[in-house]
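Just so it is clear: chains get the letters A, B, ... in the order the sequence lines come, proteins before strands, and each one is counted from 1.
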Amino acid sequence: MNLLEFARGPAMQAATLVLVVGMFWRVTGIVLLRRRVAHAAARNPFAMRLLGGAVTVFTRTIPRRTFWPRVGTGVALSYVFHVGLFIVLFGGAPHILVIHEIFGVSWADLPKGVVVLASGLTLAALLALLVRRLTQPVLRLLSTPDDYISWLVIFLPLASGILLSGETVASYGTLLAVHLFSVELLMIWLPFGKLMHVALVFAGRGVLGYNFSRKGAVT
Amino acid sequence: MNEIAPPPVDVAKALRGFIGDIGPNIALSLESCVHCGQCAEACQFYVQTGDPRYTPIHKVELFKQSYNRELGPFAFAYKFLGLTPALTAETLTNWQDLVYDSCNMCGRCSLICPMGIDIADLVEQTRHGMYEAGLAPADFLGAIAQKEHATGSPFGLTSDTFRGLLHDIGVKYNVVMHVDEARADIVPTVSSIDVKTYPGAMAAIAKILNHLGQSWSFRTDGFDADNVSLTAGDRPGQDAITQGIIAAAISCGAQILVMPECGHSFTEMRWEAANAYGKDLPFRVLQITELVAENIQSGKLRVNKVVQTATYHDACQLSRRGGATAAPRVIFEALGVDLHELEDAGDANWCCGGGGGVALIKRAQPLRDAAFAIKQKQIEASGAPIVYTSCSGCRQTLEHGGKAAGWSTNVGSLLELVADNLAQ
Amino acid sequence: MSAADATLGEMLGKSGFSRRGLLKFSIAMTASLALPPGVASAMAANLAQARRQSVIWLSFQECTGCLETLLRTSSPTIAALIFDYISLDYQEALMSAAGSAAELTLRQAVAANRGKYLLAIDGSVPVADGGVYSLTGGQANVSMLQQFAPDAAAILAIGTCAAYGGIPKAYPNPTGAVGVEDVITNKPIVNIPGCPPVPEVLSGVLVYFVSFGRLPDLDDRKRPLAYFGTTIHDQCYRRPFYDQGKFAKSFDDEGARQGWCLFELGCKGPTTHNACASLKWNDNTSFPIESGHGCLGCSEPDFWDQEGGFYTSLAGGKGPGWEDTGIAAAGGIAVGAAAAFAARHKTAKPPQGPQK
C-alpha cells in the first residue's frame, strides 16, 4: 500500500474514529457533571427561554456596536478567516464530493476561481491572526501551546490544499497524500484543544442565552 | 503595607473551594475559551490601564486550571502529564488582586464573549476558593465578611442596634416605621451603606411603602441585604445572610421581599436565594425601582412632575445582570424628568468601578479611580447637573469620585427622588 | 521461427520497404520515445543492421490479455515485420509446437541465445504453497522464472500482473501472487504495466533495445520514463474542464454528455502513470476517458484494491463506516461518563447553595 492509499484508507478511518471518540468523550464529560435545578422564578416562560438561547447563538456572532471601536479589527480579521474557510470547505468541488460520499447530500459548487480567491484571503487572514497573537500583549499573555498547535493544524491543510489545487511543488499523488495527512492531524487534535469550539460555541451561547433569558436580562 | 502578618495560604482548601460547586454550566464555560482577548476590551480595568493581567478570563486562570486537573473530561491527562501546574501558595497570592481588586463582577466581559462564557460569574465562583484559602483581601473586605457572618451585618450591627436606628430615623424624617411586625405583606431590606451613609434611603422606603397602603415591616432578624460575604467569596456566610432574610420574610408571611438600592443584594435574593432555599420562594422578590415602576404602571402609585434635567447611572447588577433595566425608565417618565441617557446606558453600561466589593478594598483606590474616569467623562458629556442611581454602592463611588474630580455634578438616589415627589 | 541471417534492412528491402520508409518509422519511434530528433537516423541505421533479437516469452498467472493487446498493435506492416525480425522463440499461445516439443523448443532457444535473450513475462508469479497454483508442464512458474532469468540479458515484465502482481494479487491474494521484481532481484527488469499495456509502448521498448543494445531510461518503478513519466491527468484532453471545475456528476448526465472531466466519477488519472492519454488505443482511436469512463489506474500497483473502489473519487476514500462510527461514539460517551462520575465524586459536598 502506498502513502496515498494509506492516507485515503486506514489513516482516514483511524482519524475519524479518534475524532468521534474524542468529541463525544469531552461533551459527555461536561454534560454529566453534578447539576442543580435553578429555582428562582423565571421572568420568561420556557419557550421564550429556549428561543432566547437559540437566538443568542446568532446574535453573538457580531459584537454589540458599543464594542466595535475596540474589537472591530480583530473580529473582522477572524471573520475573513472563518468565512473564507467556510467558502473553501463548503464551496470547493472536492470537499462537496467528500461530503456527498459520506452523507449523501450535495449542492452546486462555487466557481474554482472564487474558491481560489477565498483560500488566498483565508491564508492571509490566518497569517495575520498569528502575527496578532504573537504581538498583542493580551493575546501573548493568554496564549498557550494549544493556541499555536491549533493554528498549525489549520494552516497545514489550508496550505497543502492550495498547493494541491495548483498542482505545483510535487506530484499530485504526493500533494494529495500530504493534504489528507494534514486533515487527519487536524481531526485527531480537534477534540482535545480549543478547536473544539466548533461544537462548544453553539452550546455556550445557547446556555448563556437561555440563562439570561430566564432573568429577562440582555443576551 | 499590611500591619498584620497574613495567615498562611491554604492551598488544599483553595482547591476544594474552586472545584466544589462546578456543574455542567461552569464546566462548559471553562472548556470554551478560545483566547480571543475580546473580554479585555470590555473591561474597564484593562481599557483604562492597558495591563493585560486584567483580562477577565485571565483572572480565573487558577480556577480553570483546577477544573482541568480535577474535574474535566481529560483530568487524568492534565494531572499525570503535568499539562497544567498544580496550585501553589505563590500563584494563589499573585492572583489575589486579579480576582478581587480588579473585578467588579459587572458582566461586560460576559456580554462580549463570543463563546458565551459568563466570565463575571466565573470570578464570583473563583472567590470561593480564594476565600477558603484565606486570600480575600484582609483589610476591610475579609473583616467585614466575617463580621457579617457573626452578626448578620457587615458593621457588626445587632438586631437591637438596628431597631434603635430605625426608630431614630422615623423620628428624624417624620415617617412611620414598622419594625418586626408579626405579619406583613411587604418586607423591605436595607444596604449596609444606607445604614452607614444614607439613612434617608431607609426613610424613603418607609415613605413609599406607607403610601402604597399595604402592610409592611422591616425585620431586624433579616434586614441587611448587602451580603458582603458574597463578594468576599465566603459561601457559608453568603448562605447564612440569605437564609436569614428568607426566614424573616416567611415568618411574617410576606408576599413581596423588597430589595434596597443595592446591586449584588438584588441578584443574590432574586436569582440565587431560591437555589440556596432549595425550592421556589413563597414570595416575590422585587428591587425597589421594580416595585415603584409596577405600582406606577398599575396606577396605585402616583408621583408629581419634577422639572429637572438629569442623567442616570445603571447599577450593573440591576440592569445587565439582573434584568431590571426598564424599571427606572418607567419612573423617570412618570416623573417627567428630562432624562439625558448616558452613552451605552442600560444593558451595556460601564461599571462605576466600585461594584463587587472593590469599593471596600483600600489599596484598589487607583484602579477604582481609573475605572471611574470613564463614568466621569460620560456623565459630564450628558450635560446633566445631577446623576441618579439606584445603588448605594454606585452612589457612594460616584460621590467620592466626583469629589476627587472636583465635580459640580450632583449625585442622587432615584428612590429618594420618588419618595420626595409622591402625589398625595 | 528460427534465427535468420538476413538483417532487418535486407528483409525490409525484399518486402518492398525503402530505407526512406524505415527512416520514417524511426522518426515516429524516436518521437514516441521522447528522444532527440537527431537520434532517428542513428536508429534507422542501427535497425537496418540489426540482427533478429531473441525473445523468450513465458506466460504465468495471466489472462492472455497482454498477448492479445500485443497482437492488436496496428502500426501496420512495419511493426509486424519488426516482430518477424525479432525472433519470438517461445510463446505458448502463438507457437505451433505443444507438449514435449514445446519444452524442447524452450531449452534449445535458451541454449542458443544464452546471455542474450530478452525474457518477456506476462501474468503474476504465484508463490504460495510452493507456487503450485500455476504450473506449466508440471513445473511451478516461480521455479521457471528462477531457472530462466539468470541467462537472460534483461527481463520485460509485461502488464500489471507481471510488473506488480495485478488482479491475482487483489485481496485476499489466495495464490500469493507477486510481480517479477519480487522474485528476481539481480537482473535488469523493465516493467511495462497496464491492464493491458498500450501496444506501442511495448514495441517502443523493443525497438529501443534492438537499436541501442540497452534498455531505455526507467523511473523508480522500473517503468520506461518515455511512456510512464507523466500521468493521464497531465496529458488528458479533458484537462481544461478539470481546471475550470466542470465535472460530470453521474454517468450520462448533461456534464458527461458535454465531455466534462470525470474526476467525480472516480477517475484516477491524476495518480496514474501511462501513455493512454497521448498514444491512446487501437491506433490512436480512443481511451477510456474519451469513451466516457474514468481511468481505473490499471498501470499502478494494487489498483484493484484501492480505497473506496473505482467510483470513489481521489477526494474521497474509505472512512470507518456508520457502524464503526456509532461504536466510537458510544465508546466516547462511556469514557466521558466515567470521567464525569469520577468528577461528581469530588463535588459531592453537601449543597452549599446554587450550583450551575
Side-chain angles (χ1 to χ4, degrees), chain A residues 25-41 43 56-57 60-61 63-67 69-71 74-75 78 132-133 136-144 146-147 150 192 194-197 200-209 211-212 214-219, chain B residues 21-29 31-38 40-42 46-47 50-53 55 57-58 71-75 77 110-118 267 270-275 277-281 284-285 319-325 343-344 346-348:
Chain A
W25 175 350
R26 191 164 177 182
V27 170
T28 307
I30 295 169
V31 161
L32 288 184
L33 290 175
R34 193 181 298 278
R35 79 174 59 231
R36 292 293 161 95
V37 178
H39 290 292
R43 274 199 214 270
T56 306
V57 170
R60 285 275 166 138
T61 50
R64 295 174 82 91
R65 182 180 284 266
T66 179
F67 296 127
R70 290 201 70 99
V71 299
V75 171
S78 181
R132 232 176 135 254
R133 184 165 290 282
Q136 213 255 34
V138 168
L139 295 175
R140 281 174 66 105
L141 179 65
L142 293 180
S143 295
T144 61
D146 175 18
D147 295 288
S150 298
F192 305 105
K194 80 179 206 184
L195 289 177
M196 191 62 183
H197 76 267
L200 296 178
V201 66
F202 302 104
R205 292 178 183 179
V207 167
L208 184 139
N211 288 336
F212 278 63
R214 218 171 168 282
K215 294 200 266 188
V218 65
T219 59
Chain B
D21 293 321
I22 293 179
N25 206 327
I26 301 260
L28 177 62
S29 291
E31 297 272 356
S32 291
C33 179
V34 293
H35 294 149
C36 74
Q38 284 188 49
E41 308 296 345
Y46 169 74
V47 165
D51 186 343
R53 288 170 64 245
T55 303
I57 199 66
H58 182 66
L71 301 182
F74 309 123
S110 309
L111 192 61
I112 200 178
C113 176
M115 290 297 293
I117 303 171
D118 189 353
T267 43
R270 179 61 180 91
W271 297 114
E272 300 301 337
N275 298 327
Y277 188 56
K279 53 184 195 244
D280 295 11
L281 293 173
R284 297 173 65 206
V285 178
S319 59
R320 180 168 47 255
R321 306 295 289 172
T325 318
E343 193 187 339
D344 302 327
D347 298 315

Colleague: When only pairs under 4.5 Å are counted, which of A:Gly29, A:Gly204, A:Ser143, A:Gly209 shares the most heavy-atom pairs with chain B?
Modeller: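 Maximum pair count with chain B is reached by A:Gly204.
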Colleague: Taking the side chain as every heavy atom from C-beta outward, state whether A:Asn211 and B:Asp118 have any pair of such atoms under 4.5 Å apart.
Modeller: no
Colleague: Is the backbone of A:Val138 close enough, under 3.5 Å, to the side chain of B:Arg53 for a donor and an acceptor to pair up by distance?
Modeller: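 Side chain of B:Arg53 to backbone of A:Val138, a donor-acceptor pair under 3.5 Å: no, none is there.
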Colleague: A side-chain contact here means heavy atoms from C-beta on lying under 4.5 Å apart; do B:Pro114 and A:Arg205 qualify?
Modeller: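 The answer is yes, as the side chains (C-beta and beyond) meet within the 4.5 Å cut-off.
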Colleague: Taking every non-hydrogen pair under 4.5 Å, which of B:Cys33, B:Ser29, B:Cys36 racks up the most with chain A?
Modeller: B:Cys36
Colleague: Counting heavy-atom pairs under 4.5 Å with chain A, which one of B:Ala274, B:Gly37, B:Gly50 comes out on top?
Modeller: B:Ala274
Colleague: Side chain, backbone, both or neither: which part of A:Phe212 has a heavy atom under 4.5 Å from chain B?
Modeller: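 Answer is side chain: those atoms of A:Phe212 sit under 4.5 Å from chain B.
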Colleague: For the backbone of B:Gly278 and the side chain of A:His39, can you confirm whether one donor and one acceptor N or O come within less than 3.5 Å of each other?
Modeller: yes
Colleague: Measuring heavy-atom distances to chain A, does B:Asp280 have an atom under 4.5 Å in its side chain, in its backbone, in both, or in neither?
Modeller: both
Colleague: At a 4.5 Å cut-off on heavy atoms, which part of B:Val47 comes close to chain A: side chain, backbone, both, or neither?
Modeller: both
Colleague: Which atoms of A:Leu139 are under 4.5 Å from chain B, going by heavy atoms: the side chain, the backbone, both sets, or neither?
Modeller: side chain
Colleague: Roughly how far apart are A:Thr66 OG1 and B:Glu343 CD, rounded to 0.5 Å?
Modeller: 6.5 Å
Colleague: Among B:Ala273, B:Ser110, B:Gly346, who wins on heavy-atom pairs under 4.5 Å with chain A?
Modeller: B:Ser110
Colleague: What part of A:Arg140 gets closer than 4.5 Å to chain B, counting heavy atoms only: side chain, backbone, both or neither?
Modeller: neither
Colleague: Would you mind checking which part of B:Ala324 comes under 4.5 Å of any heavy atom in chain A, side chain (CB onward), backbone (N, CA, C, O), both or neither?
Modeller: both
Colleague: Work out which heavy atom in A:Leu200 is nearest to a heavy atom in B:Glu31; give both atom names and the distance.
Modeller: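 For A:Leu200 and B:Glu31, the tightest heavy-atom pair comes out as CD1-O, 3.5 Å.
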Colleague: Return the set of residues passing side-chain hydrogen bond (donor to acceptor under 3.5 Å, both in side chains) with B:Gln38 (not counting sequence neighbours), or none when no residue passes.
Modeller: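 Expected list: none.
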Colleague: What part of A:Pro137 lies closer than 4.5 angstrom to a heavy atom of chain B: side chain, backbone, both or neither?
Modeller: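 Contact with chain B is through both the backbone and side chain of A:Pro137.
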Colleague: Under 4.5 Å from any heavy atom of chain A, what part of B:Ser32 do you find: side chain, backbone, both or neither?
Modeller: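 Contact with chain A: backbone and side chain both.
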Colleague: Which bit of A:Val31 is near chain B, if near means a heavy-atom gap under 4.5 Å: side chain, backbone, both or neither?
Modeller: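 Only the backbone of A:Val31 comes within 4.5 Å of chain B.
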Colleague: Please report the closest heavy-atom contact between A:Leu33 and B:Ala27, naming both atoms and the distance.
Modeller: CD1-CB, 3.4 Å
Colleague: When rounded to the nearest 0.5 angstrom, what is the spacing between CG in A:Leu208 and CG in B:Asn25?
Modeller: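 Going from CG on A:Leu208 over to CG on B:Asn25, the span is 8.5 Å.
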Colleague: Side chain, backbone, both or neither: which part of B:Arg284 has a heavy atom under 4.5 Å from chain A?
Modeller: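 No part of it gets close to chain A.
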Colleague: Need one label for A:Asp146: side chain, backbone, both or neither, based on atoms under 4.5 Å from any heavy atom in chain B.
Modeller: neither
Colleague: Mind listing the closest non-hydrogen atom pair of A:Val218 and B:Leu111 along with its distance?
Modeller: CG1-CD1, 3.8 Å
Colleague: Measure across A:Leu142 and B:His58 and return the closest heavy-atom pair with its distance rounded to 0.1 Å.
Modeller: CD2-CB, 3.9 Å
Colleague: Under a 4.5 Å heavy-atom cut-off, does chain B meet the side chain of A:Arg64, its backbone, both or neither?
Modeller: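 For A:Arg64, the side chain is the part near chain B, not the backbone.
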Colleague: Listed by chain and number, what are the side-chain hydrogen bond (donor to acceptor under 3.5 Å, both in side chains) partners of B:Arg320, not counting sequence neighbours?
Modeller: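 Result, side-chain hydrogen bond (donor to acceptor under 3.5 Å, both in side chains) vs B:Arg320: B:Asn349.
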Colleague: Would you name the heavy atoms of A:Ala41 and B:Trp271 that are closest together and state the gap between them?
Modeller: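 Closest pair (atom of A:Ala41, atom of B:Trp271, distance): O-CZ3, 3.4 Å.
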Colleague: Quick check: do B:His35 and A:Arg133 have side-chain heavy atoms less than 4.5 Å from each other?
Modeller: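 Side chain of B:His35 against side chain of A:Arg133, heavy atoms only: contact under 4.5 Å found.
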Colleague: Among B:Asp344, B:Asp347, B:Thr55, B:Ile112, which has the most heavy-atom pairs under 4.5 Å with chain A?
Modeller: B:Ile112
Colleague: Using only atom types and a distance under 3.5 Å, with no angle test, would you say the side chain of A:Arg70 pairs donor to acceptor with the backbone of B:Ala42?
Modeller: no
Colleague: What is the minimum heavy-atom distance between A:Arg34 and B:Pro24, and which atoms define it?
Modeller: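 It is O-CD, 3.4 Å.
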Colleague: Between B:Tyr277 and chain A, which part of the residue has a heavy atom less than 4.5 Å away: side chain, backbone, both or neither?
Modeller: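 Neither part; nothing is under 4.5 Å.
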